[in-house]
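Reviewing the structure listed below.
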Amino acid sequence: MRISDPVAAFEALGHDTRLAVFRLLIPAGPNGLAAGQISERIGMPPNALSFHLSRLVRADLLAARRAGRQIFYAVAYERLTGLLSFLLDDCCANAPSGCLPGCPTRPIDAGVKVTVKPSACGSTGQRR
């Protein structure tokens with residue numbers, strides 16, 4: 001799956017609280033956790049946490065579902081997989097064959113100038 005807007009996903013995860021929530025929810029599985037449980041575990045009042053949860057939902061990183069009076073939040077694993085694939089594809093865009101198991105070996109766009117040497121994973125660093 002290709003990720004439609006990686007910038008929105010990275011922006012949403014670029015805040016300490018949202019990253020902590022996301023990391024908390026990954027092992028919670030598809031059922032997720034109730035907002036109150038997240039609030040307790042993160043140590044943030046529910047009204048302040050609500051803003052961060054809605055940002056993660058808008059970035060399609062979390063799914064929200066209502067069960068009675070509670071709202072449960074769970075990681076959108078398909079979106080997470082797309083985000084990880086995006087990172088791997090970018091890192092390995094110019095990787096030598098065998099760089100990493102399953103690492104794609106497609107050439108980078110023509111006209112892209114490599115400005116640093118490849119890293120251990122085969123990334124060519126910054127592109128111009």
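Keep in mind that the numbers below use all heavy atoms, side chains included, and drop hydrogens, waters and symmetry copies.
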Exercise for the section: Give, for atom CD1 of I42 and atom OG1 of T17, the distance between the pair rounded to the nearest 0.5 Å. Expected result: 7.5 Å
Fill in the blank from the handout: Taking every heavy atom of A9 against every heavy atom of R79, the minimum-distance pair comes out as CB-NH2, 3.7 Å
Exercise for the section: Output the distance between atom CG (L61) and atom CG (L83), rounded to the nearest 0.5 Å. Expected result: 6.5 Å
Exercise for the section: Can you see which heavy atom on N31 is nearest to which on A74, and at what distance? Expected result: C-CB, 4.2 Å
Completion exercise
The reported gap from CD in E78 to CG in L80 (rounded to nearest 0.5 angstrom) is 11.0 Å
Practice task
Output yes when a side-chain donor or acceptor of S50 lies under 3.5 Å from a complementary backbone atom of P46, and no otherwise.
Solution key: no
Handout entry: Between CZ on residue R18 and CG on residue L49, distance to nearest 0.5 Å
Key = 11.0 Å
Completion exercise
salt bridge (charged side-chain N to carboxylate O under 4.0 Å, His left out) pairs touching residues 22-49, sequence neighbours excluded, are none
Problem - Verdict with supporting geometry, L62 and V75, side-chain contact (heavy atoms from CB on, under 4.5 Å) - result: CA-CA 4 Å; L62 295 185; V75 170; 4.1 Å; yes
Exercise for the section: Would you mind reporting whether D5 and D60 have side-chain heavy atoms less than 4.5 Å apart? Expected result: no
Handout entry: Exceeds 12 heavy-atom contacts within 6.0 angstrom, atom CG of D16
Key = no
Fill in the blank from the handout: Looking only at heavy atoms, the pair that brings S39 and P45 closest together is OG-C, 3.8 Å
Practice task
For the pair Q37 (side chain) and A34 (backbone), establish whether a donor and an acceptor sit closer than 3.5 Å, ignoring hydrogens and angles.
Solution key: yes
Practice task
Can you run down the salt bridge (charged side-chain N to carboxylate O under 4.0 Å, His left out) pairs that involve residues 42-56, sequence neighbours left out, and say none if there aren't any?
Solution key: E11-R55
Exercise for the section: Give every residue pair that meets the ring-ring contact (aromatic ring centres under 6.0 Å, His included) criterion with at least one member in residues 29-85, sequence neighbours excluded. Expected result: H15-H52
Problem - L53 side chain reached by I71 side chain, heavy atoms, under 4.5 Å - result: no
